[in-house]
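Both backbone and side-chain heavy atoms feed into the values below; hydrogens, waters and symmetry mates do not.
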Amino acid sequence: QVQLVESGGGLVQAGGSLKLSCAASGRTFSSYTMGWFRQAPGKEREFVAVISWSGDRTYYLDSVKGRFTISRDNAKNTVYLQMNSLKPEDTAVYYCAADLGGVRLHVKWYEYDYWGQGTQVTVSS
């Protein structure tokens, strides 16, 4: 069992920055691919970013490339999402997810095994 807890969300003006954290506990000794998803009210959950176990491979939603950076610190069992140049369209609940599968970087929500409770990110104009 793996537990994931997100933090770092909040209210920020357009153009501002936030850094989200996701702390993992439980079976954190396993090799997990870690991803970030987001979900706005009335919309489907959307892939944002993913990072391999070693951190050497990443993949991003096209609309966040150049603005968001995913990273991880396995010694701290934590994954991060640095969000810069935030836009109102980034407003959503952001979820951290763990993929216990192979080495592929997945972008679909059902390909992940564990989820955090989410943290709200609100970007105002």
Let me see the working for Arg67 and Asp90 under side chain to side chain contact (heavy atoms under 4.5 Å, CB included), right down to the final yes or no. CA-CA 11 Å; Arg67 299 189 298 120; Asp90 296 317; 2.8 Å; yes
Sequence neighbours excluded, the answer for side-chain contact (heavy atoms from CB on, under 4.5 Å) partners of Gln82 is Ser17, Lys19, Thr69, Asn84
Mind checking whether [X] and [Y] have side chains closer than 4.5 Å, heavy atoms only?
X     : Y      : answer
Thr91 : Gln120 : yes
Trp36 : Phe68  : no
Arg38 : Val121 : no

Linking I/L/V/M/F/W/Y whenever any side-chain heavy atoms sit under 4.5 Å apart, do [X] and [Y] land together?
X      : Y     : answer
Val5   : Val2  : no
Leu81  : Leu11 : no
Leu86  : Leu61 : yes
Tyr114 : Val48 : yes

Salt bridge Asp99-Arg104, side-chain N to carboxylate O under 4.0 Å: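 Here Asp99 does not pair with Arg104 in a salt bridge, since their nearest N and O are not under 4.0 Å apart.
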With rounding to the nearest 0.5 angstrom, report the [atom1] to [atom2] distance, [X] to [Y].
X     : Y      : atom1 : atom2 : answer
Gln1  : Ser25  : CD    : OG    : 9.0 Å
Ser52 : Leu105 : OG    : CG    : 6.0 Å
Ile70 : Ile51  : CD1   : CD1   : 5.5 Å

Check your understanding: Hey, is OH on Tyr59 packed in by over 12 heavy atoms from elsewhere, all under 6.0 Å?
Key ->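 No.
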- Query: Does a sphere of radius 6.0 Å around CH2 in Trp115 hold more than 12 heavy atoms from other residues, nucleotides or ligands, not counting ones at 6.0 Å or beyond?
  - Reply: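 Yes.
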Item to check | Verdict with reasoning, Val93 to Glu6, per side chain to side chain contact (heavy atoms under 4.5 Å, CB included) | outcome: CA-CA 10 Å; Val93 176; Glu6 302 95 335; over 6 Å; no
Taken in chain and number order and not counting sequence neighbours, the residues that satisfy salt bridge (charged side-chain N to carboxylate O under 4.0 Å, His left out) with Lys65 are Asp62
Using modelled atom types and a 3.5 Å cut-off, is there a donor and acceptor pairing between side-chain atoms of Asn74 and backbone atoms of Trp53?
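Indeed, once roles are kept as given, a pair shorter than 3.5 Å links the two residues.
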Over all heavy atoms of both residues, which pair between [X] and [Y] is shortest? Give the atoms and the distance, please.
X      : Y      : answer
Gly35  : Tyr112 : N-CE2, 3.8 Å
Ala24  : Leu4   : CB-CD2, 3.5 Å
Thr78  : Ser21  : CG2-CB, 4.3 Å
Leu100 : Asp113 : N-OD2, 2.7 Å
Ser63  : Glu89  : CB-OE2, 4.4 Å

- Which pairs with one or both residues in residues 75-95 pass ring-ring contact (aromatic ring centres under 6.0 Å, His included), sequence neighbours excluded?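 Matches after skipping sequence neighbours: none remain.
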Checking Tyr32 against Val79 for the side chain to side chain contact (heavy atoms under 4.5 Å, CB included) test, could you report, in this order, the C-alpha distance in whole Å, the side-chain angles of both residues, the deciding distance, and whether it holds?
CA-CA 11 Å; Tyr32 298 114; Val79 63; over 6 Å; no
Apply side chain to side chain contact (heavy atoms under 4.5 Å, CB included) to the pair Glu111 and Val50, showing each step before the final yes or no.
CA-CA 12 Å; Glu111 295 174 309; Val50 60; over 6 Å; no
